[in-house]
Amino acid sequence: MIIVLKPGCTKKQIDSIVKQITSLGLKAHVSQGVERTVIGAIGDERGKVELQNLEVVPCVEKMVPILKPYKLASREFKKDLSVIKIKKASFGGGHFGVIAGPCSVESEKQIIEAAEGVKKAGAKMLRGGAFKPRTSPYSFQGLEEEGLKLLAKARKETGLPFVTEVVNTETAELVAEYADMLQIGARNVQNFALLKKVGGLGKPILLKRGMSTTIQEFLMSAEYVLSEGCKDVVLCERGIRTFETATRNTLDISAVPVIRELSHLPIIIDPSHAAGVRQYIPTLSYAAMAAGADGIIIEVHPHPEKAMCDGPQSLDIREFTAVMGRLKKLARFNEQKL
Ligand code: PEP
Ligand code: MN
């Protein structure tokens, strides 16, 4: 932390600040200029609320933090980019992992048909919600444990691992008994009790960015999961809320290069929830690959017109197969492994 003092501070005031810094186990480095004095508090400043409180001392003009508030998620902590593998699905390190499947599991026939279709097209992982966080309490809430059983059946039939959402701490362990990867949805990205819970379950986590979460807040949420011992966190940009209404959300493609610079964790794109409109999803998928994302998670339903959730943004198997065909060509150009 750099502490910039107001002009005309007395030696007594400076000494008092230095004393407070050293009492926190940090080193103080005083640099006296002609007009101003700047004090460097050297050491790990994270979590030291008393240090931040120096801001209220009358002779302090401003405090400039040097370290990022997150540590385990940062590139400084781990320089090499993380590669996260779940069976044949890999995210990061030049691998572009594709997760596909319906918004929610509706029936055995639907999920098996979806799993077989997306596998044939080249997806390496299946998605499907069993517990659904819906805006309306009157909307379909998911098949719950029955949905998890059907996902497990689809995995058995196709060999595809699956990711499914955890919506609360009470059902987290149940979901972890079935799933290969646990999804934390946009609405729960700052549910800190849930983040801590899933971080300790020993399963990889797919963490979605909230619709109004800054990148720093998003990485702080990842820090919660990592600080519980989980090493396998895949971040997912799924669109943020802006003034634009032509799409459901606005895909923040800049999150890809920004997060790549700040964090070692893989970052994937969800074009489906970003666009909310089927015809824009292929373009956003290609944009994800071109931007250097580590994969996509995409909603695919064997019969989108009959979907109980997010039908308008779901591709059918034929449309998804076409997207995969183009991604395969782009991957060669981009030197990515699909
Ligand atoms: C989903 O993946 O079905 C979902 C609800 O996504 P999000 O949390 O990004 O809205
Ligand atoms: Mn959905």
Side-chain angles (χ1 to χ4, degrees), residues 91 97-106 110-111 114 118 123 125-137 139-144 147-148 150-151 162-168 171-172 175 179-191 194-195 198 204-213 215 217-218 221-222 225 233-242 247-253 255 267-278 280-281 284-285 288 293 295-316 320:
F91 305 90
V98 177
I99 307 172
C103 181
S104 53
V105 183
E106 298 163 6
Q110 173 244 19
I111 194 67
V118 301
M125 194 157 179
L126 178 67
R127 64 149 289 152
F131 291 89
K132 293 302 301 175
R134 303 303 302 276
T135 302
S136 166
S139 303
F140 175 56
Q141 304 284 309
L143 295 181
E144 307 191 338
L148 297 173
L150 296 178
L151 283 161
F162 72 85
V163 58
T164 194
E165 184 163 352
V166 177
V167 292
N168 55 40
T171 53
V175 178
D180 301 282
M181 185 183 215
L182 309 176
Q183 174 175 326
I184 297 295
R187 288 152 194 84
N188 269 318
V189 67
Q190 288 193 313
N191 180 340
L194 185 58
L195 295 175
V198 297
I205 305 297
L206 177 64
L207 181 64
K208 289 197 156 191
R209 183 180 180 185
M211 45 200 100
S212 45
T213 309
I215 289 175
E217 287 165 341
F218 188 24
S221 295
V225 178
V233 177
V234 175
L235 303 170
C236 177
E237 158 61 39
R238 45 78 75 205
I240 53 173
R241 214 163 244 187
T242 68
T247 48
R248 184 173 173 182
N249 291 286
T250 299
L251 179 63
D252 180 15
I253 200 81
I267 165 82
I268 69 168
I269 294 285
D270 174 344
S272 310
H273 292 87
V277 185
R278 188 180 314 165
Y280 305 143
I281 289 162
L284 299 190
S285 306
I296 50 172
I297 175 164
I298 186 162
E299 285 186 341
V300 179
H301 194 291
H303 307 283
E305 69 288 354
K306 291 190 193 148
M308 294 171 83
C309 182
D310 284 348
Q313 68 189 34
S314 300
L315 301 185
D316 63 20
F320 175 65

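When reading the values below, keep in mind they use all heavy atoms of this one structure, side chains included, and skip hydrogens, waters and symmetry mates. What you see is a predicted model; the values in this text were computed from it and never measured. Whatever order the structure lists them in is the order used to number ligands and atoms, beginning at 1.
An N or O contact shorter than 3.5 Å links Arg127 to ligand 1 by distance. Taking any N or O of Arg238, backbone or side chain, at least one lies under 3.5 Å from an N or O belonging to ligand 1. In terms of N/O distances under 3.5 Å, ligand 1 is approached by Ala186. At least one N/O-N/O distance between Gln183 and ligand 1 falls below 3.5 Å.
For the pair Arg209 and ligand 1, no heavy-atom separation below 4.0 Å is found. Not a single heavy atom of Gly129 sits under 4.0 Å from any atom of ligand 1.
Close approach of ligand 1 to Glu299 (heavy-atom distance below 4.0 Å) involves ligand atoms 3 (O). Close approach of ligand 1 to Cys103 (heavy-atom distance below 4.0 Å) involves ligand atoms 3 (O). Contact atoms of ligand 1 toward Lys132: 1 (C), 3 (O) (distance under 4.0 Å to a heavy atom of the residue). Which parts of ligand 1 touch Gly185 is read off a 4.0 Å heavy-atom cut-off, strictly below it: atoms 8 (O).
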For Thr164 and Phe131: C-alpha separation, side-chain torsions, deciding distance, then whether side chain to side chain contact (heavy atoms under 4.5 Å, CB included) applies. CA-CA 8 Å; Thr164 194; Phe131 291 89; over 6 Å; no
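Restricting Glu299 to its N, O or S atoms, the one at the least distance from the Mn ion (ligand 2) is OE2. Looking at Asp310, its N, O or S atom nearest to the Mn ion (ligand 2) turns out to be OD2.
Counting only heavy atoms of the protein, atom 4 (C) of ligand 1 lies nearest to His273 NE2, 3.4 Å. When only non-hydrogen protein atoms are considered, atom 6 (O) of ligand 1 lies nearest to Lys208 NZ, 3.0 Å.
Within the 3.5 Å criterion, the main-chain N or O of Asp252 finds a donor-acceptor partner in the side chain of Glu237. No donor-acceptor distance shorter than 3.5 angstrom exists from the side chain of Ser314 to the backbone of Pro304, with no hydrogens or angles considered. For the pair Ser272 (side chain) and Glu299 (backbone), a donor-acceptor distance under 3.5 Å is present.
We find that Arg127 and Glu165 are not joined by a salt bridge, their nearest charged nitrogen and carboxylate oxygen being 4.0 Å or further apart.
Side-chain atoms of His273 and Asp310 form a donor-acceptor pair, as typed in the model, at a separation below 3.5 Å.
Taking 4.5 Å as the limit, every side-chain heavy atom of Asp180 sits out of range of all side-chain heavy atoms of Pro204.
The residue from Ile297, Leu182, Ile184 that alone fulfils the side-chain contact (heavy atoms from CB on, under 4.5 Å) condition with Leu206 is Ile297.
Between the OG1 atom in Thr213 and the CZ atom in Phe218 there is a gap of 8.0 Å [rounded to 0.5 Å].
For Cys309, every N, O or S atom stays at 2.8 Å or more from the Mn ion (ligand 2).
Looking at every heavy atom in both residues, Gln141 comes nearest to Ser136 through NE2-O, 3.2 Å.
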